[in-house]
Amino acid sequence: NTERVGMIHDGESRFSINGKPIHHFLGTSTFSEYTVVHSGQVAKINPEAPLDKVCIVSCGLSTGLGATLNVAKPKKGQSVAVFGLGAVGLGAAEGARIAGASRIIGVDLNSNRFEQAKKFGVTEFVNPKEHDKPVQQVIAEMTNGGVDRSVECTGSVQAMIQAFECVHD
């Protein structure tokens with residue numbers, strides 16, 4: 001519910017300025033120096049962890065990793081396509097690697113992302129801009145019919161359709 005302006009538990013704001021409430025966006029306030037959150041939204045980190053790195057890892061990687069391991073659930077030896085190789089996509093690729101996927105095909109419009117993605121388990125890369133046919137057709141041809149699992153990490157409706165259509169029947 002994108003119109004929710006307060007906390008989910010009581011609908012009240014936890015923030016104010018000069019006594020006037022400031023509304024949350026989706027129950028979070030990312031740019032706050034101090035905040036009040038529900039205990040279910042907190043994760044303790046090692047105090048020695050570098051905060052300039054932790055802030056990047058905190059949401060994106062865990063989202064992609066969790067989506068792959070807990071929802072897509074690839075099995076050992078299966079193939080996985082990951083659409084979008086930003087932080088969420090890299091987490092998704094890592095989840096596929098942890099699960100034992102044999103082929104992890106990264107799909108991104110930025111070919112410069114492939115080298116970094118290899119560190120997260122991506123074994124092959126497809127840039128849709130480099131092909132004259134739809135990327136789902138390219139992937140189907142690469143895999144003899146399509147991948148076993150696909151994870152879309154861009155938020156693009158077009159990428160969602162492509163991700164759905166690149167999975168074999």
Side-chain angles (χ1 to χ4, degrees), residues 1-74 80-99 101 104-122 125-129 135-136 149-167:
N1 176 5
T2 57
E3 296 179 15
R4 188 179 76 216
V5 294
M7 298 299 286
I8 199 167
H9 303 289
D10 61 9
E12 297 295 319
S13 174
R14 300 295 189 262
F15 304 99
S16 64
I17 187 164
N18 299 326
K20 295 184 179 181
I22 297 173
H23 298 294
H24 302 258
F25 176 69
L26 298 177
T28 66
S29 292
T30 309
F31 296 109
S32 296
E33 186 174 345
Y34 299 98
T35 190
V36 177
V37 297
H38 186 272
S39 61
Q41 297 172 309
V42 177
K44 184 175 181 178
I45 62 169
N46 184 324
E48 307 218 355
L51 296 181
D52 62 331
K53 307 268 187 313
V54 172
C55 67
I56 295 169
V57 173
S58 65
C59 176
L61 290 174
S62 58
T63 298
L65 185 80
T68 302
L69 292 175
N70 299 321
V71 180
K73 298 181 181 178
V80 178
V82 177
F83 283 74
L85 296 175
V88 177
L90 294 177
E94 179 70 5
R97 186 195 65 74
I98 290 169
I104 303 170
I105 302 168
V107 180
D108 202 288
L109 299 174
N110 182 350
S111 296
N112 294 330
R113 290 185 167 182
F114 183 42
E115 284 306 311
Q116 183 70 20
K118 286 179 184 178
K119 297 174 186 173
F120 291 82
V122 173
F125 180 79
V126 177
N127 183 335
K129 295 189 299 187
V135 70
Q136 58 269 42
R149 300 285 188 268
S150 180
V151 184
E152 192 284 320
C153 305
T154 69
S156 160
V157 173
Q158 182 180 2
M160 291 175 200
I161 293 166
Q162 295 166 338
F164 179 78
E165 291 181 349
C166 81
V167 178

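- Of all the heavy atoms in Phe125 and Asn110, the pair that sits closest is CZ-O, 3.7 Å.
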Which donor-acceptor pairs under 3.5 Å do the side chains of residues 154-165 make with protein atoms, sequence neighbours left out?
{"unit_1": "Thr154", "atom_1": "OG1", "unit_2": "Glu152", "atom_2": "OE2", "d": "2.2"}
{"unit_1": "Thr154", "atom_1": "OG1", "unit_2": "Ser156", "atom_2": "N", "d": "3.0"}
{"unit_1": "Ser156", "atom_1": "OG", "unit_2": "Gln158", "atom_2": "N", "d": "3.3"}
{"unit_1": "Ser156", "atom_1": "OG", "unit_2": "Ala159", "atom_2": "N", "d": "3.2"}
{"unit_1": "Glu165", "atom_1": "OE1", "unit_2": "Gln136", "atom_2": "NE2", "d": "2.6"}

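- Using a 4.5 Å heavy-atom threshold, the side chains of Phe120 and Val82 count as separate.
- The two residues Asp108 and Gly86 have their closest heavy-atom pair at OD2-N, 4.4 Å.
- The heavy-atom pair separating Ser150 from Val167 by the smallest distance is CB-CG2, 3.5 Å.
- None of Val88, Val71, Ile104, Thr68 except one satisfies the side-chain contact (heavy atoms from CB on, under 4.5 Å) rule with Val151; the exception is Thr68.
- Heavy-atom minimum distance, Ala81 versus Cys166: CB-SG, 3.9 Å.
- Closest heavy-atom contact between Gln116 and Leu90: CG-CD1, 4.4 Å.
- Checked against salt bridge (charged side-chain N to carboxylate O under 4.0 Å, His left out), Arg149 has no partners two or more places apart in sequence or in another chain.
- Heavy atoms only, all atoms of each residue included: Val135 and Phe83 are closest at CG1-CE2, 3.9 Å.
- Legend: residues meeting salt bridge (charged side-chain N to carboxylate O under 4.0 Å, His left out) with Glu48, ordered by chain and number and at least two apart, are absent.
- The CG atom of Asn127 sits 10.0 Å away from atom CG of Leu85, with the distance rounded to the nearest 0.5 Å.
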